[in-house]
Structure formats: structure tokens, C-alpha cells
Amino acid sequence: DDIETRWQAYWDAHETFRQPGPGDPGFDAAKPGFYALDMFPYPSGAGLHVGHPEGYTATDIVARYKRMRGFNVLHPMGWDAFGLPAEQYAIKTGTHPRVTTDANITTFRRQLKRLGFSYDWAREVDTTDPDYVLWTQWIFLKLYERGLAYESFAPVNWCPALGAVLSNEEVVDGRSEIGGHPVEQRPMRQWMLRITAYADRLLDGLDDLDWPASVKEMQRNWIGRSVGAEVDFRLVGHAEATLRVFTTRPDTLFGATYAVLAPEHPLVATVTTPEQAAAVEGYVAATVRKTERDRMEDRSKTGVWTGAHAVNPVSGEKLPVWIADYVLAGYGTGAIMAVPAHDARDFEFATAFGLPIREVVAGGKTDADGALIEPYTGDGLHVNSDASGRAVPGIAEAGVSLNGLDTAAAKTAVLAYLESNGAGRAQTTTKLRDWLFSRQRYWGEPIPVVHPAAGGAPRPLPASALPVLLPEVESYAPAGTGESPLAAIPEWVEAVDPETGEAVLRETNTMPQWAGSCWYYLRFIDPTNTGAPVDPEKERYWMPVDLYVGGAEHAVLHLLYARFWHKVLFDAGVVSTDEPFRKLVNQGMILGEVEYTAFRYAADEPFGYVSAEHAAESDEEDVAYTDTRDGAELVAVRVPESDVEKRGDGFVLREHPNVRVTSRAHKMSKSRGNVVNPDDIVAEYGADSLRLYEMFMGPLEQV
RNA sequence: GCCGGCGUGGUGGAAUUGGUCAGACACAGCAGACUUAAAAUCUGCCGGGGUACGCCCUGUACGGGUUCGAGUCCCGUCGCCGGCACCA
């Protein structure tokens with residue numbers, strides 16, 4: 001009907017944007033390659049959002065430019081099509097996720113083509129396609145072979161509302177990232193991936209990447225490497241047990257005045273004295289009852305003495321051993337030496353419980369009486385003596401002296417002493433935990449493992465048995481017991497080991513949605529290969545990805561997981577590069593139209609707007625506000641732009657100039673009703689207008 | 001609180017990476033032309049102050065500094081954005 005659709009039809013018919021690779025007919029080996037990649041979308045039922053074309057247009061511009069500059073350009077598109085929405089729709093309606101997914105993909109493909117992107121559609125991939133699932137499972141077997149996939153029975157993040165287990169990355173503030181439901185800890189059998197084995201490489205590899213500083217920083221924080229030492233304390237009266245702590249400041253060992261175990265620490269039961277047993281048990285019970293959210297909200301220091309003493313390995317001094325929930329069971333060794341003079345948390349705790357505070361590093365602030373006001377946590381010179389020149393107790397008995405040494409030298413000296421006495425060693429810790437990789441869902445890749453029916457260790461299926469495909473089921477709802485709906489299908493679960501003929505039970509857990517997106521950029525290079533995930537020659541030509549554009553929300557999830565898998569594949573000789581994405585650019589978010597909000601009395605109160613000085617600051621809807629003057633209940637109401645007038649820095653109601661109006665653009669959402677459908681824009685103004693407009697209004701983010 | 005990033009016109013953003021002229025290219029705005037009028041189109045103006053219209057002074061958040069030379073480098077302050085948050 002117009003020039004755009006006419007040429008789009010021509011491009012389709014003539015495969016104008018077909019890009020052969022090494023070994024393909026028509027490949028021009030003289031040209032250099034350029035790989036311009038978009039984060040492929042989850043094909044949701046809502047169709048394409050106006051946010052999608054922003055990044056896609058940017059890569060398309062670069063792709064077209066590079067083609068004209070004489071590059072072979074790989075510019076593909078596909079579908080990250082496993083995922084919760086299709087499954088939840090299936091639970092509600094009984095429609096098979098395959099049906100929903102196919103319909104959504106058809107819509108997305110049509111919409112993207114209508115926007116005129118120069119994708120090579122012959123390379124389209126769908127993560128739910130059996131040919132694709134095969135290689136995702138094949139990579140899992142590689143992980144397993146390399147000792148990087150294992151079963152765990154540790155407590156996991158269980159979300160009762162979703163009926164599912166979540167990874168650490170999917171839990172935010174003790175609630176599920178999706179839906180904000182409460183999450184609790186519950187022990188369950190799970191599959192884990194040993195991403196921690198790659199922590200150092202994932203951290204160090206960031207240095208050379210051309211990525212936004214903010215994304216690199218987020219990954220660094222997430223991995224959270226800290227360099228320090230483990231120190232072993234003997235326990236008085238327990239020759240068999242050792243209290244092992246982790247510290248980043250071994251140089252402050254002389255300043256330790258007590259030790260703390262996490263309430264969940266296995267030594268708690270061992271060391272607690274009969275006199276203290278009741279208090280300790282009470283405290284542990286109270287801690288277990290607290291949710292992660294409670295712990296975060298209440299930062300006041302609480303704890304109980306166990307009755308035990310630990311021996312400082314450098315001074316021989318006896319330190320009381322406490323339990324307190326400010327020490328986290330899951331980090332380091334779950335136990336610390338407390339140095340209140342040089343750690344803010346220990347200082348708070350020591351102050352609250354009247355424990356001694358001993359300065360060993362110069363630099364602290366004291367009040368008129370010489371008492372420490374706030375802990376000095378920086379580096380500095382070590383002091384062995386008090387103001388009158390007497391050696392500080394503890395240090396006096398020690399075999400080492402740190403007097404006059406700076407922090408770095410003191411660390412070295414303490415470490416050398418500990419190592420020679422077998423009482424400690426240099427140690428690095430990370431916040432990164434292993435990746436919880438199993439989900440109790442239907443719409444995901446089955447984990448290709450079987451369990452002998454007679455009992456015994458699970459074992460991987462041979463590659464020849466792949467793909468393991470999903471069976472038809474009657475109900476897609478999770479069992480609620482922590483088992484996937486697959487567990488309810490005996491015909492599928494009960495199987496025969498293809499190698500031994502033995503009766504086995506299939507693993508009923510499936511992989512998380514991240515699995516498919518961990519390697520899709522490799523499949524684009526060689527989408528129909530039946531012998532390997534990707535042909536090595538083609539991989540060497542195209543990889544690494546030269547430009548990767550997508551939303552900043554993937555800074556630590558997709559981008560960390562994909563780097564991990566890529567490094568494993570590199571070690572396995574499947575790929576030739578250590579990092580998959582050379583340059584990363586974040587696209588911004590496209591917000592809805594600016595909305596104007598004023599405050600009114602709630603329904604029962606006298607009708608009318610509330611003037612500026614009495615209204616609350618925020619403007620979230622569905623929230624009750626209070627009139628700052630008389631305490632009456634207020635509601636935020638949206639007012640049309642025509643009722644609003646600019647006044648000074650802000651806006652006021654035209655009819656009531658004393659009523660302040662806040663103006664703000666919100667994220668587009670169905671509930672807010674401010675969603676703009678790209679189809680409508682294309683129909684009215686054309687694809688080029690939409691593309692140009694988005695490039696104009698929303699620059700790609702540089703940070 | 002800690003970590004990271006960023007502050008250039010009404011707006012999005014340029015400035016060959018320390019080099020001759022900051023504000024390219026656009027959007028918006030203002031004025032003019034065309035039109036009965038409007039839209040579209042075309043022309044001109046468009047950081048601030050001054051101007052005898054030739055130009056002159058000043059200006060890249062603010063205050064210092066390094067340099068022959070600073071939007072760019074260093075120190076400090078303020079502001080904004082993002083992330084983390086009892087991680088020992």
C-alpha cells in the first residue's frame with residue numbers, strides 16, 4: 001500500500017539481507033566480518049513494545065552502515081521463547097504453551113518485518129525448538145562432564161506464591177523479582193551450576209571489555225571478591241574443634257576482643273555451655289523465625305554469649321564467643337573475629353553489650369575522656385602500646401610485634417606468623433554463590449539426567465539420547481510440593497537407560513529461562529548445524545560479537561550467565577574466544593506520556609483539592625496519603641494537561657493556583673493505560689518515522 | 001552509608017581525544033516570504049551582555065590548580081542518575 005511495504009516485500013522475496021558465512025555458497029572471504037546483535041525478545045502475548053525498536057533500530061543502523069563499508073554483517077533475530085507467561089496462560093486456559101508461543105512469535109516476526117529491520121531471517125532461532133533444545137542440553141552435559149553441574153540439598157529460595165524455586169539473582173529484598181511475592185528458605189533437592197569456580201575469571205575478564213562502566217561495576221559488586229585471610233582459633237575445652245573465621249583485616253587481629261558465630265553455625269551446638277544453653281536456643285529459634293525481610297529492616301544488634309572462649313592465635317588471649325545475626329551464615333566461614341575499634345558493626349555490637357574495645361591502628365576519633373567515638377576503619381600505622389607507653393594486653397604476650405608497621409606490612413607479618421604456625425592462611429572470598437539451575441516448571445528444557453530406579457547417584461544421558469523433549473501433560477500447574485508437573489506423568493518419568501537397559505526415572509526439573517539465552521548468539525552463526533552447536537570455522541570468523549545492544553536490566557543475570565557458559569565452552573574447545581561480547585551498549589527505557597497528579601481528599605472527606613503546603617511529595621496512585629496539617633486522608637488523582645499551568649519551577653491547577661501538580665513520565669504499563677503500540681504508529685506515520693523518532697528522542701546510554 | 005557514572009543553549013546532542021573559532025547536525029521557538037487564512041515549503045535569527053551590526057566582552061555545574069593552551073587533565077564543593085546495602 002506504500003513504499004515501505006513494497007520494498008519490505010521485495011527484501012523478503014529476494015532475501016536481500018541474507019548473509020552467508022564461511023563455507024556457505026556466495027561467501028566473500030575477503031571481507032571482514034561484523035557481528036551486530038540485539039538481545040532477542042521474549043515473545044509475549046502483548047506483542048512488540050515501543051521499547052524494542054529502540055535498540056533494534058540502533059543495531060540496524062550500524063549493520064547497514066557496516067555493510068556499505070564493505071563488511072560481511074551478521075545481523076540476526078530470534079526468540080527467547082521458554083518462560084513463565086506462556087506457562088501461566090496454559091495453567092489458566094489449558095492451551096499448550098507451544099500454541100501460545102507460536103502465535104506470539106508469528107506476531108513478533110510480522111511486527112519486526114514491518115519495521116524494516118535488515119535481519120537475515122534464514123538464521124532465526126527459537127529456544128524452544130527441539131533442534132535448539134538438543135544443543136542446550138548438550139551444553140548441560142558438557143557442564144556436567146566438567147564437574148560444574150551437581151545436585152544439592154541445601155536450603156533454596158522457595159516462593160510459595162509462584163510454586164517455584166528461584167535463583168539468588170531472581171530474589172530482590174527477600175521477594176521474587178517477578179511479582180514481588182515473599183520468598184522463604186526451604187531445603188530441597190536441586191541442580192546447581194558451579195559458577196563460583198569461574199568467579200575470578202568472570203571478574204578479571206571485565207577489565208578488557210568495552211562495556212558501560214555501570215554494568216561492569218554491577219558485575220564486580222555481584223561477584224564481590226574480597227581478599228583476606230582465614231584465621232583458626234582454638235576453642236577452650238574443645239580440643240577437637242577449631243573456630244575458623246574470615247577477615248579482610250588480619251592485621252587487626254590484636255584488636256579482636258570477642259568472636260561471633262552466625263546463629264546457624266554448626267559449632268553453636270558444640271560450644272554452648274549448659275548455663276547458656278537456654279539463652280542460645282531461644283536466640284537461634286527467634287532468628288529462624290525472622291524472615292530475610294525482618295532481618296533487613298531491623299538493623300539493631302542482638303546476640304547471646306555461648307559461654308565459650310576462643311584463643312587468639314597470635315596472643316594466646318581468651319576471647320568470649322557470641323552468636324549474633326549480624327554475622328551471616330552464608331558468607332565467608334559464617335564466623336568472625338570482632339575488632340570493635342576498627343569495624344563499624346563490631347563497634348555497635350560491643351557498645352551495645354559492653355564488650356571491650358581495643359585500638360591497634362592509629363587514626364581513631366576520641367572524646368574528651370579518651371573513649372573512642374567512632375571506629376577507625378581505614379589503613380594506618382599499628383600501635384602496640386597505650387598512651388602511657390605500656391604494651392597493650394594481648395599484644396604484650398604475643399610472639400609478633402606490629403608496632404610501627406602500616407596496614408599492608410602488618411597484614412604480611414601476621415599472615416607469615418599464622419602460616420608458619422598453621423593457624424591461618426591467605427584466603428579470597430566472593431559473594432557470588434553457585435547458580436541454582438533447576439525449576440519446577442513445565443515450559444523449560446528438561447535436564448538430561450536420569451536416576452536409577454533402584455536408587456543411587458543420578459547420571460547424565462548420553463548425547464545420542466538428546467533431545468529430551470517435553471511430554472504432553474494434562475495440567476501445567478506446579479504440584480505445589482516443589483515438584484514439577486512432569487513428575488505427575490509416569491509414562492514419561494519411567495524410562496530405560498539407553499546404555500545399560502536399566503530402569504531409570506527421568507529428572508523432572510527443567511532448566512531456567514536463562515539457559516537458552518546463554519548461547520543463542522552462537523547458534524545464529526550456524527543455525528541448522530546437526531553435528532555441533534556451531535561450526536568452529538564459522539565461529540572463529542564471526543565471534544566475538546562486535547556490538548551487543550540491550551536493556552540495562554540484564555546487567556547481572558543474562559550477561560553474567562552467558563559469560564560463564566561461554567568460558568566453559570571456551571575451556572571445552574567449542575569456541576575460540578574467552579569472552580562473548582566485545583562491546584555492549586545499553587538502550588534506555590521509553591516512558592509513557594507525562595502525567596499530571598494532584599491531591600484530593602479521600603471520598604468521605606469534604607470534596608476538594610489540597611494546597612501545596614499540605615500535600616505529600618510522592619504521586620503514586622493506589623496509595624493513601626495524609627494531609628500534613630489535619631491528618632485527613634488524601635488520594636493522588638490524575639488531572640488532564642489542559643487543567644494545568646506552569647508556575648515557577650513546577651505546575652499548578654489553573655483553577656486553583658495554590659494546588660501543586662506533580663508532572664512525571666512513567667514506565668509504560670497496561671495498568672496505567674499509557675502503552676503506545678508500535679503498530680499504530682507504523683500505520684499512521686510509517687516505520688521510518690518511528691525508527692527516526694526513537695533514535696532522536698532516546699539516545700543510547702553511554703554509562 | 002559505600003561503590004560507580006554524569007553535569008555543555010529551551011531540547012536531543014557535536015567538538016578529529018589537550019590545539020587554531022565551543023555549541024556541528026537537528027528539534028522546538030521567534031521573525032519574514034508565499035497564502036484570503038492556516039498547514040506545508042523557503043529565508044533569516046536563535047548561550048548571556050554590549051554594539052556605530054564591523055565586531056567587543058563573557059561563558060562548558062561551582063571554586064581552585066597544572067599547561068604556551070583545558071569542555072577535555074588534577075584537587076575540592078554542589079547537584080543528578082544508577083547500583084549495593086550488617087558480605088567481616
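Keep in mind that this is a model prediction, so the values were computed, not measured. Sequence lines set the chain letters: A, B, ... in the order given, protein chains first and strands last, and positions in each chain run from 1.
The shortest heavy-atom contact between A/Ala310 and A/Phe233 is CB-CB, 3.9 Å. In this structure, A/Ser226 and A/Thr248 approach most closely via the heavy-atom pair CB-CG2, 3.9 Å.
Straight-line distance from the CG atom of A/Asn586 to the C1' atom of B/G4: 14 Å, rounded to whole Å. The distance between atom CD of A/Glu230 and atom C1' of B/A88, rounded to the nearest whole Å, is 13 Å. Remark: C1' of B/G5 and CG of A/Leu584 are 15 Å apart, rounded to the nearest angstrom. Summarising the geometry, the separation between NZ on A/Lys216 and P on B/C3 is reported as 19 Å, rounded to the nearest angstrom. Atom CG of A/Leu206 and atom P of B/G5 are 14 Å apart (whole Å). Residue A/Leu328 contributes atom CG, which lies 10 Å from atom P of B/A88 at whole-angstrom precision. If you measure from atom CZ of A/Arg220 to atom P of B/G82, you get 21 Å, rounded to the nearest angstrom. B/C2 atom P lies 15 Å from atom CD of A/Glu217, rounded to whole Å.
Glycosidic conformation, B/G54: syn, with the torsion inside 90° of 0. Base orientation of B/U77: anti (glycosidic angle beyond 90° from 0). For B/G83, the base is anti relative to its sugar; the glycosidic angle deviates from 0 by more than 90°.
With both ends at atom P, the span from B/C34 to B/U16 equals 44 Å, rounded to whole Å. B/G18 and B/A70 have their P atoms separated by 14 Å, given to the nearest Å. B/C45 and B/G23 have their P atoms separated by 14 Å, given to the nearest Å. One C1' atom belongs to B/G9, the other to B/G83, and the distance between them is 32 Å to the nearest Å. Between the C1' atoms of B/A61 and B/G71, the separation comes to 12 Å (whole Å). As rounded to the nearest Å, B/C55 and B/G5 have C1' atoms that lie 42 Å from one another. Rounded to whole Å, the P atom of B/A22 lies 14 Å from the corresponding atom of B/U72. B/A38 and B/C25 are spaced 30 Å apart, taking the C1' atom of each and rounding to whole Å.
Judged by Watson-Crick or G-U wobble contacts below 3.5 Å, the nucleotide B/A31 has B/U43 as its partner. Under the Watson-Crick and G-U wobble criteria, each requiring two contacts below 3.5 Å, nucleotide B/C6 is paired to B/G79. Pairing of B/A26, defined by two Watson-Crick or G-U wobble distances under 3.5 Å, is identified with B/U11. Taking a pair to require two hydrogen-bonding distances under 3.5 Å in either a Watson-Crick or a G-U wobble arrangement, B/G18 remains unpaired.
You'll find that the side chain of A/Ala213 is closest to B/G4, out of B/A88, B/G4, B/G83. Closest to the side chain of A/Met218, out of B/A88, B/G82, B/C3, is B/G82.
In this structure, A/Tyr65 has its ring center at least 6.0 angstrom away from the ring center of A/Phe71. The six-membered or imidazole ring of A/Trp514 lies away from that of A/Phe437, with a centre-to-centre distance of 6.0 Å or more.
At a threshold of 4.5 Å between non-hydrogen side-chain atoms, the residues A/Asp38 and A/Tyr548 do not count as touching. Counting only heavy atoms from C-beta outward, the side chains of A/Ile357 and A/Thr257 never approach each other to under 4.5 Å.
Not one side-chain nitrogen or oxygen of A/Ser214 sits closer than 4.0 Å to the OP1 or OP2 atom of B/C81. An OP1 or OP2 oxygen of B/A88 is reached within less than 4.0 angstrom by no side-chain nitrogen or oxygen of A/Tyr326.
Using a 4.0 Å heavy-atom criterion, one finds that A/Thr430 contacts no nucleic acid atom at all.
Within a 6.0 Å sphere centred on CZ of A/Arg69, heavy atoms belonging to other residues, nucleotides or ligands number 12 at most.
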